[in-house]
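Reviewing the structure listed below.
Sequential numbering from 1 along the given sequence is applied to the chain's residues. A quick note: this is a predicted structure, and the numbers were derived from the prediction, not measured.
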Amino acid sequence: MKRLVMIMTVLLIGGTAISQKMLTRAGEIKFDATIPGALDEVIGNSKTVSSIFDKTTGELVVQAMVKSFKFKSPLMEEHFNENYMESDKLPKANFKGKVTGYDGKAGNYDVEGDLTIHGETNKVKTKMAIANDGGKVAISGNFTVKLSDYKIDVPALAKKTLAETAKISIKLQLENR
């Protein structure tokens with residue numbers, strides 16, 4: 001019996017030491033498809049983004065519910081969900097990829113993987129800043145996507161306010177699971 005307890009203890013402690021997965025459910029993503037000089041800003045923010053980062057393998061998964069994006073204008077939010085993103089039919093946006101060469105140190109790292117928006121998946125590659133603060137890891141970065149790559153059509157009437165590309169900014173504060 002003592003031996004079984006000892007083996008279980010070693011496995012639990014060893015499993016915890018090996019597990020390097022970090023988690024958040026309060027990450028932030030900002031979506032900005034504003035045309036420079038336009039009167040209306042097309043900016044949506046979500047502060048309920050989920051993410052898992054494995055410090056050992058560099059694997060990174062980020063997921064956002066499309067309806068979690070909030071805009072200044074309720075009408076713009078409605079158009080975003082119903083006309084462009086079809087959030088009832090396609091409720092999630094996600095990224096599955098890897099931080100290349102992550103060695104546990106703070107710095108800028110290449111991040112690449114598959115970004116799925118509006119049911120369409122494309123490869124993306126960008127740089128992200130990673131900082132370590134005690135038992136927490138902060139990941140942040142920006143990249144640009146073409147809306148047409150994700151089959152999001154910009155109607156003629158919206159071309160004065162809605163850009164054909166969107167700047168995506170991401171901020172994640174991850175903690176041990």
Practice item. Apply side chain to side chain donor-acceptor pair (under 3.5 Å) to the pair Asn81 and Ser87, showing each step before the final yes or no. Key: CA-CA 5 Å; Asn81 282 300; Ser87 57; 2.9 Å; yes
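- Within the 4.5 Å cutoff, the side chain of Tyr84 has heavy atoms near those of the Leu162 side chain.
- No more than 12 heavy-atom neighbours from other residues, nucleotides or ligands sit within 6.0 angstrom of CG on Leu157.
- For Lys70, the NZ atom sits in a packed shell: over 12 heavy atoms of surrounding residues, nucleotides or ligands are nearer than 6.0 Å.
- When every heavy atom of Phe69 is checked against every heavy atom of Ala64, the shortest pair comes out as CE1-CB, 4.2 Å.
- When the side chains of ILVMFWY residues are joined at heavy-atom separations under 4.5 Å, either directly or via intervening members, Ile130 and Phe143 end up in a single hydrophobic cluster.
- The existence of a salt bridge linking Lys123 and Glu112 is excluded, since no basic side-chain nitrogen approaches an acidic carboxylate oxygen closer than 4.0 Å.
- Between Ala38 and Lys160, the shortest heavy-atom contact is CB-O, 3.7 Å.
- At a threshold of 4.5 Å between non-hydrogen side-chain atoms, the residues Leu174 and Ile139 count as touching.
- Lys21 and Asp54 get closest at one heavy-atom pair: CE-OD2, 3.5 Å.
- The heavy-atom pair separating Lys55 from Val137 by the smallest distance is CD-CG2, 3.8 Å.
- Cluster annotation: Ile43 is not connected to Ile170 through the hydrophobic network of ILVMFWY side chains, with a link wherever side-chain heavy atoms come within less than 4.5 Å.
- Residues Lys159 and Glu164 are paired through a salt bridge, judged by an N-O separation under 4.0 Å between the basic side chain and the carboxylate.
- Contact record, Ala166 with Phe31: CB-CE1, 3.5 Å, taken as the closest heavy-atom pair.
- Using the six-membered ring where Trp is involved, Phe80 and Phe71 have ring planes that are tilted, between 30° and 60° apart.
- Not a single donor-acceptor pair under 3.5 Å links the side chain of Ser46 to the backbone N or O of Ile29.
- A distance of 11.5 Å separates CD in Glu41 from OG in Ser73, rounded to the nearest 0.5 Å.
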Exercise for review: Tell me, with the steps shown, if Val111 and Lys127 meet side-chain contact (heavy atoms from CB on, under 4.5 Å).
Suggested key: CA-CA 6 Å; Val111 178; Lys127 288 240 185 240; over 6 Å; no
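- When every heavy atom of Asp149 is checked against every heavy atom of Asn122, the shortest pair comes out as O-ND2, 2.9 Å.
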Practice item. Check step by step if salt bridge (Lys or Arg N to Asp or Glu O under 4.0 Å) holds for Asp88 and Lys67. Key: CA-CA 8 Å; Asp88 284 335; Lys67 283 189 176 181; 2.5 Å; yes
